Amino acid sequence: MNDPSKLERSRIVHLLQADQSPGSVLVKGWVRTKRDAKGFSFIEINDGSCLANIQVVADETLSNYATIRKMTTGSALSLSGRMVPSRGQGQRWEIKAESVTLVGHAPEAYPLQKKRHSDEFLRTIAHLRPRTNKYGAAFRIRSQLALAIHRFFQDRGFHYIHTPILTASDCEGAGEMFRVTTLAPGDAAVANDFFGVNAYLTVSGQLEAEMLALALGDVYTFGPTFRAENSNTRRHAAEFWMVEPEMAFCDLAQDMVLAEALLQHLAGHVMDHCAADLSLFARFVDKELMHRLAALVEKPFFRVPYADAIAILERSARPFEHPVAHGNDLQAEHERYLVEHHFKGPVIVYDFPKEIKPFYMRMNDDGCTVASMDVLVAGIGEIIGGSQREERYDMLRRRIESIPLAPENYWWYMESRQYGSVPHSGFGLGFERLVMMVTGITNIRDVIPFPRTPKNIAF
RNA sequence: UCCCUGAUAGCUCAAUCGGCAGAGCGGGUGGCUGUUAACCACUAGGUUGUAGGUUCAAGUCCUACUCAGGGAGCCA
């Protein structure tokens, strides 16, 4: 009856939720901690299915108890036994071990200890840090957020599309690009290169997504994006994931409605589906987390035109380091004032001056602003940037000729405005910044398993 | 890329005015019949980031470099 070979492996997340004991169970996972007494040991096993460990009681009647005594933190093991109500405080169930097999030994040099490690140290062992409570929780939440993104869009009839990762086009204003080449070192002849032209890793799928929106109606991308900026901040990575919806027959106001609904859906989804993991962040990382998430889900976002935002900043009489003036872009300190002091909640700033925004954004009737919007949230700043796209061929032509890009590379983009062009809009959501917002983690390097930043690609 | 701060045991940190380099945790050994970051005793563990310089004497002061953190810029 207790032959381990006849049992299906149980996940700890399911065992801990049980209302009654399933009897004999088989569990496989890693030792998080072990406490020895005379004649028996408490072993806490984690299998990654949830934050919590399950407690195992192994005593000296086991034939290999001497080996079990020597098992160290980090070791992988397979064990079977009866799940019984725990005699001790602190957990409802425990497993009375009847068989314990060491699957993979972890020598005493195992770097993860039963105490809190600094984030800086854990970044130096990125291959092991998912085995900690905090990073395990972060990556489970990341997974749930990805699911929630697909669910949000699919429920609204959006089509998931894939845009190229290798590209020859520059999405203006999106930053420096990584060059991709098969040329031998020293060979400068682009004609000999794989594509015969300069190729890059994409900085945005937007231009291609527009083409799909003009065929499939409502579409979204969700994939990796690359920026070769020498940015050394807690909010920037060279490789990050971005969500980019694009909607035909959609204006800026509807774009903003969707951006707000998306963020509210995502925060709500995580509150509903990741309560245990979230509680770790609420306890140890950000005491205000649950309040902030609840407010984000419940309260409408503030909306303010750029010109009004400038007026608010001027009236504040704050000694800003960067001057506040109509025509200047909003600096981090300005965004923080708006979000954290003036509005005290998420803010959508829209209708920016055309000079500080890319060519593809739609010119407003005033002739000096474009139909653009940034969603700003506390602690992160810009989490979403979007716009209504310029759908009028002549207007777009004029914008593209006024910038240093080569218009001939955009012939296909221009042509979409000659055949059945329609008003359309979209935005980009930084996925890592979303994970930061939802967990309270303050460094982007800690919300992606293997972060890429300048001089950092070891793992 | 710029500004500020930092680098001491495996980890987190201390070391007063420039004067013998220490603690907690972790590791090892032993003990403990229900633990919860278990507990108790003992024990090993160091080229003080790198290279120079000042000094009788440098973890400590000076210079350069490397790396890291925070802030700024760029952006998502």
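Lettering follows sequence order; numbering is per chain, from 1. All heavy atoms count here, side chains included; hydrogens, waters and symmetry mates do not. Every value quoted in this text rests on a predicted model; they were computed, and no experiment measured them.
- Closest approach to the A:D329 side chain among B:G26, B:G70, B:C75 is made by B:C75 (side chain taken as heavy atoms from C-beta onward).
- In terms of heavy-atom proximity, A:A148 sits nearest to A:L266 at CB-CD2, 3.5 Å.
- Straight-line distance from the CD atom of A:E333 to the P atom of B:G70: 19 Å, rounded to whole Å.
- At the phosphate of B:G71, OP1 or OP2 sits under 4.0 Å from a side-chain N or O atom of A:R234.
- Note on A:T124: nothing from the nucleic acid sits closer than 4.0 angstrom, heavy atoms only.
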Footprint string (nucleotides 30-37 of chain B, 5' to 3'): B base within contact, S backbone only, - free, heavy atoms under 4.0 Å: --BSBBBS
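- Across all strands shown, A:I384 has heavy atoms under 4.0 Å from sugar-phosphate atoms exclusively, and none from any base.
- A:E390 is not listed as a side-chain neighbour of A:R399, based on a closest heavy-atom distance of 4.5 Å or more.
- Atom name C1', nucleotides B:A68 and B:U33: the rounded distance is 48 Å, in whole Å.
- Scanning both residues, A:R227 and A:V203, for their nearest heavy atoms gives NH2-O, 2.6 Å.
- For the P atoms, the distance linking B:G59 with B:U43 amounts to 27 Å, nearest Å.
- In summary, the side chains of A:Y220 and A:Q154 do present a donor paired with an acceptor at a separation below 3.5 Å, with no hydrogens or angles considered.
- One atom, CD of A:Q331, and another, C1' of B:C2, lie 15 Å apart when rounded to the nearest Å.
- In this model, the phosphate group of B:G70 is approached by a side-chain N or O of A:N443 to a distance below 4.0 Å at OP1 or OP2.
- Both A:I380 and A:P454 lie near RNA chain B, and the one whose nearest nucleotide falls closer to the 5' end is A:P454.
- Spacing of C1' atoms, B:G24 relative to B:C67, comes out at 27 Å, to the nearest Å.
- Here the separation of B:A9 from B:U60, taken at their P atoms, is 15 Å to the nearest Å.
- Both distances falling under 3.5 Å, in either a Watson-Crick or a G-U wobble arrangement, place B:C67 opposite B:G6.
- A salt bridge is absent between A:R445 and A:D119: the closest approach of a Lys/Arg side-chain nitrogen to an acidic carboxylate oxygen does not fall below 4.0 angstrom.
- Counting any heavy atom pair closer than 4.0 Å across all strands shown, A:E108 reaches sugar-phosphate atoms only and no base atom.
- A:F431 and A:F222 have their aromatic ring centers within a separation under 6.0 angstrom.
- Residue A:N232 is in base contact, counting any heavy-atom pair closer than 4.0 Å across all strands shown.
- Checking B:U1, B:G73, B:G69 against every side-chain atom of A:R123, the shortest atom distance belongs to B:G69.
- Scanning residues 141-150 of chain A for heavy-atom distances under 4.0 Å to RNA chain B yields an empty list.
- The base-pairing partner of B:U60, taking Watson-Crick or G-U wobble contacts with both distances under 3.5 Å, does not exist among the strands shown.
- Side chains of A:E208 and A:P164 form a contact here, defined as non-hydrogen atoms less than 4.5 Å apart.
- Sequence order on RNA chain B of the closest nucleotides to A:A237 and A:K70 puts A:K70 first from the 5' end.
- In this structure, B:G27 forms a base pair with B:U43, meeting either the Watson-Crick or the G-U wobble geometry with both donor-acceptor distances under 3.5 Å.
- Base orientation of B:C11: anti (glycosidic angle beyond 90° from 0).
- A donor-acceptor contact under 3.5 Å links the side chain of A:S231 to the base of B:C74.
- Spacing of P atoms, B:C42 relative to B:A64, comes out at 48 Å, to the nearest Å.
- The main-chain N or O of A:F352 is found under 3.5 Å from a side-chain atom of A:S372 such that the two form a donor-acceptor pair.
- A:H117 comes within 4.0 angstrom of the backbone, heavy atoms only, and of no base.
- Remark: the separation of the P atoms in B:G10 and B:G45 is 12 Å, to the nearest Å.
- Across all strands shown, nothing is found opposite B:A38 as a Watson-Crick or G-U wobble partner with both distances under 3.5 Å.
- Of the possible donor and acceptor atoms, none in the side chain of A:K299 sits under 3.5 Å from a partner among the backbone N and O of A:L296.
- Side-chain contact between A:K96 and A:D59: present, with at least one pair of heavy atoms (C-beta onward) separated by less than 4.5 Å.
- For the C1' atoms, the distance from B:U12 to B:U48 is 16 Å, rounded to whole Å.
- A side chain to side chain donor-acceptor pair (under 3.5 Å) with A:T233 is found for exactly one of A:E229, A:H236, A:R235, namely A:H236.
- OP1 or OP2 of B:A72 sits under 4.0 Å from a side-chain N or O of A:R336.
- A:R452 forms no cation-pi arrangement with A:F450, by the criterion of a distance under 6.0 Å to the ring centre and an angle within 45° of the ring axis.
- Within the 4.0 angstrom heavy-atom criterion, only backbone atoms of the sugar-phosphate kind lie near A:A332; the bases stay farther away.
- Comparing B:A76, B:G28, B:A68 by their nearest atom to the side chain of A:E120 picks out B:A68.
- Pairing for B:G22 is with B:C13, a Watson-Crick or G-U wobble pair whose two hydrogen-bonding atom distances lie under 3.5 Å.
- Spacing between B:G28 and B:G6 at atom C1', rounded to whole Å, works out to 33 Å.
- Using a 4.0 Å heavy-atom cutoff across all strands shown, A:L122 reaches no nucleic acid atom at all.
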